[in-house]
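Encoded as structure tokens, the structure appears first; notes follow it.
Only a predicted model underlies this, so the values are computations on that prediction, with no experimental measurement involved.
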Amino acid sequence: AKGFMLHDFKEMSPELTVAGIDISEYAIESSIDTVKQYLEVGNAKSLPFPDDSFDLVISINTVHNLTEKDCRKALREIERVSRGHSFITVDAWRTEKEREQMLKWNLTALTYMHVAQWEKLFREVGYTGDYYWFIAC
């Protein structure tokens, strides 16, 4: 079931306004009932929200499932809809061993890079948010 993070945010602070997207209608239909009303079908490459819509934008293990060209679009979109606060995680490696491990298990990511390459890409597209690496060990 999807939507646990939004559910948890609303449970902790019911006054929050939350929104979420998924590219899959099935994922939204299968989400937990408490958050379905806050979800819509959408694509990270073109977020269905006006500029500066959110105090915080979070993307966990999503951006790297796009081609590098579309990763760039998605990062620019995150920057566009946030009011300066965002957090993402992406598949990355720091060592050759971590790279080899990632290549063994990676099923969906289309873009995975060394952490330095990701940081360079972030600078190039103007992504100013926080980030963390999902690293296979």
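Partners of Phe54 by ring-ring contact (aromatic ring centres under 6.0 Å, His included), not counting sequence neighbours, listed by chain and number: Phe49. His114 meets the side chain to side chain contact (heavy atoms under 4.5 Å, CB included) test with Trp93, Ala116, Gln117; sequence neighbours excluded. Residues passing the side chain to side chain contact (heavy atoms under 4.5 Å, CB included) test with Thr108 are Asn65, sequence neighbours excluded. For Arg80, the side-chain hydrogen bond (donor to acceptor under 3.5 Å, both in side chains) partners two or more places apart in sequence, or in a different chain, are Asp51, Glu77. In terms of the side chain to side chain contact (heavy atoms under 4.5 Å, CB included) criterion, residue partners of Glu29 (sequence neighbours excluded) are, by chain and number, Glu25. Residues forming a ring-ring contact (aromatic ring centres under 6.0 Å, His included) with Phe134 (at least two apart in sequence, or on another chain): Trp105. Among residues two or more places apart in sequence or in another chain, the side-chain hydrogen bond (donor to acceptor under 3.5 Å, both in side chains) test is passed with Thr62 by none.
Counting only residues at least two apart or on different chains, the salt bridge (Lys or Arg N to Asp or Glu O under 4.0 Å) pairs with a member in residues 115-125 are Arg72-Glu124, Lys120-Glu124. Counting only residues at least two apart or on different chains, no salt bridge (Lys or Arg N to Asp or Glu O under 4.0 Å) pair has a member in residues 101-115. Counting only residues at least two apart or in different chains, salt bridge (Lys or Arg N to Asp or Glu O under 4.0 Å) contacts with residues 4-19 are absent.
Ion pair Arg83/Asp55 flagged as a salt bridge, since at least one NZ, NE, NH1 or NH2 atom sits closer than 4.0 Å to an Asp/Glu carboxylate oxygen. Salt bridge Glu79/Arg76: absent, no basic N to carboxylate O contact under 4.0 Å.
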Show every donor-acceptor pair shorter than 3.5 Å between a side-chain atom in residues 37-45 and any protein atom, with sequence neighbours excluded, or say none if there are none.
unit_1 : atom_1 : unit_2 : atom_2 : d
Asn43  : OD1    : Lys45  : N      : 2.9

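Counting only heavy atoms from C-beta outward, the side chains of Trp118 and Asp91 never approach each other to under 4.5 Å.
No path of Ile, Leu, Val, Met, Phe, Trp and Tyr side chains, each step under 4.5 Å between heavy atoms, connects Leu47 with Leu6, placing them in separate hydrophobic clusters. Both Phe4 and Ile58 belong to a single network of hydrophobic side chains, linked directly or stepwise wherever heavy atoms of I, L, V, M, F, W or Y lie under 4.5 Å apart. Hydrophobic clustering of Ile, Leu, Val, Met, Phe, Trp and Tyr side chains at less than 4.5 Å, counting indirect connections, keeps Val90 apart from Tyr112.
To the nearest 0.5 Å, atom OH of residue Tyr127 and atom CG of residue Leu75 are 7.0 Å apart.
Under 3.5 Å, the side chains of Tyr131 and Ser86 contain no donor-acceptor pair of N or O atoms. Using modelled atom types, one finds no donor on one side chain facing an acceptor on the other under 3.5 Å when comparing Thr111 with His64.
Apart from Leu110 itself, the hydrophobic cluster it occupies contains nothing, where clustering links Ile, Leu, Val, Met, Phe, Trp and Tyr at side-chain heavy-atom distances under 4.5 Å.
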